K.L.:
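Below is one structure. I have some questions about it.
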Amino acid sequence: LPPVLMAGGDGFTVVLRSDAGVAGSGFSLDFACAAPAPLTLRDDAGATVAAAETTGTLNDGWATYPTAPADKDWAEWSVTVRGAACVLQFTSLDVEEYDACAYDNLEILGSEGASLGKFCGSSLPPVLMA
């Protein structure tokens, strides 16, 4: 069984960051929540989508947006869970692997913004429960 990370407080945020040279295909995750729409996906352009279902799959969108915006030297996507019980399980992770995940990385933040872990390469993060 994969390891499990319990998020205390009011939930967590998963942030995928990349420098200008995006490498890899990003992430995919399955989710299951006790109530609809506690999950939001925000892309680098600022568009936000709330999940209307209690279960499903989310992808970060690197396949359709493979480089950082021209006005930035990085790109970022985030998934936020607030106010309801949810389980997130990563089914794939493919980002540049570099010492201490310095460039491309997936970081899990607690509800207060503290880092709960940073991941890169292809090793899957733990299952997240809020």
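Quantities reported herein were computed from a predicted structural model and do not represent experimental measurements.
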K.L.:
Return the CG to CG distance between Asn105 and Leu16, rounded to the nearest 0.5 Å.
P.N.:
7.5 Å
K.L.:
Not counting sequence neighbours, which residues clear ring pair (Phe, Tyr, Trp, His ring centres under 6.0 Å) with Phe31? List them please.
P.N.:
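For Phe31 there are no ring pair (Phe, Tyr, Trp, His ring centres under 6.0 Å) partners, ignoring immediate neighbours.
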K.L.:
Output all residues satisfying ring pair (Phe, Tyr, Trp, His ring centres under 6.0 Å) with Tyr103, sequence neighbours left out; order by chain, then residue number.
P.N.:
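In terms of ring pair (Phe, Tyr, Trp, His ring centres under 6.0 Å), with neighbours along the sequence ignored, Tyr103 is linked to Tyr98.
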K.L.:
Could you check whether any side-chain heavy atom of Thr80 comes within less than 4.5 Å of a side-chain heavy atom of Phe12, counting everything from C-beta outward?
P.N.:
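No, too far: nothing below the 4.5 Å cut-off.
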K.L.:
Can Val81 be reached from Leu109 by stepping across I, L, V, M, F, W or Y side chains whose heavy atoms are under 4.5 Å apart?
P.N.:
no
K.L.:
I'd like to check the side-chain contact (heavy atoms from CB on, under 4.5 Å) partners of Ser122; sequence neighbours left out, ordered by chain and number.
P.N.:
none
K.L.:
Taking it one step at a time, do Leu116 and Leu5 satisfy side chain to side chain contact (heavy atoms under 4.5 Å, CB included)?
P.N.:
CA-CA 9 Å; Leu116 302 177; Leu5 178 63; 3.9 Å; yes
K.L.:
Which heavy atom of Leu93 sits nearest a heavy atom of Leu106, and at what distance?
P.N.:
CD1-CD1, 4.0 Å
K.L.:
Is there a side-chain contact between Leu88 and Val127 (heavy atoms, below 4.5 Å)?
P.N.:
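In short, these two side chains do not touch, never coming nearer than 4.5 Å.
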K.L.:
Look at the side chain of Thr91 and the backbone N and O of Ser28, then say whether any donor-acceptor pair between them is shorter than 3.5 Å.
P.N.:
yes
K.L.:
Do Val15 and Leu29 share a hydrophobic cluster (ILVMFWY, side-chain heavy atoms under 4.5 Å, transitive)?
P.N.:
no
K.L.:
Please tell me if the side chains of Phe27 and Val79 come closer than 4.5 Å, counting only heavy atoms from C-beta onward.
P.N.:
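Sidechains of Val79 and Phe27: in contact.
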K.L.:
Hey, does Leu128 have a side-chain heavy atom less than 4.5 Å from the side chain of Val14?
P.N.:
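They are in contact (side-chain heavy atoms under 4.5 Å apart), so the answer is yes.
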K.L.:
Nearest 0.5 Å, what's the CE-CD distance between Met129 and Gln89?
P.N.:
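It comes to 10.5 Å.
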K.L.:
Please tell me if the side chains of Ser123 and Phe90 come closer than 4.5 Å, counting only heavy atoms from C-beta onward.
P.N.:
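No - every pair of side-chain heavy atoms lies 4.5 Å or more apart.
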K.L.:
Show the nearest heavy-atom pair for residues Glu107 and Ser115, with the distance to one decimal.
P.N.:
OE2-OG, 2.7 Å
K.L.:
Which is it for Cys120 and Asp104 under the side chain to side chain contact (heavy atoms under 4.5 Å, CB included) test, yes or no, and what are the steps along the way?
P.N.:
CA-CA 7 Å; Cys120 57; Asp104 297 356; 5.9 Å; no
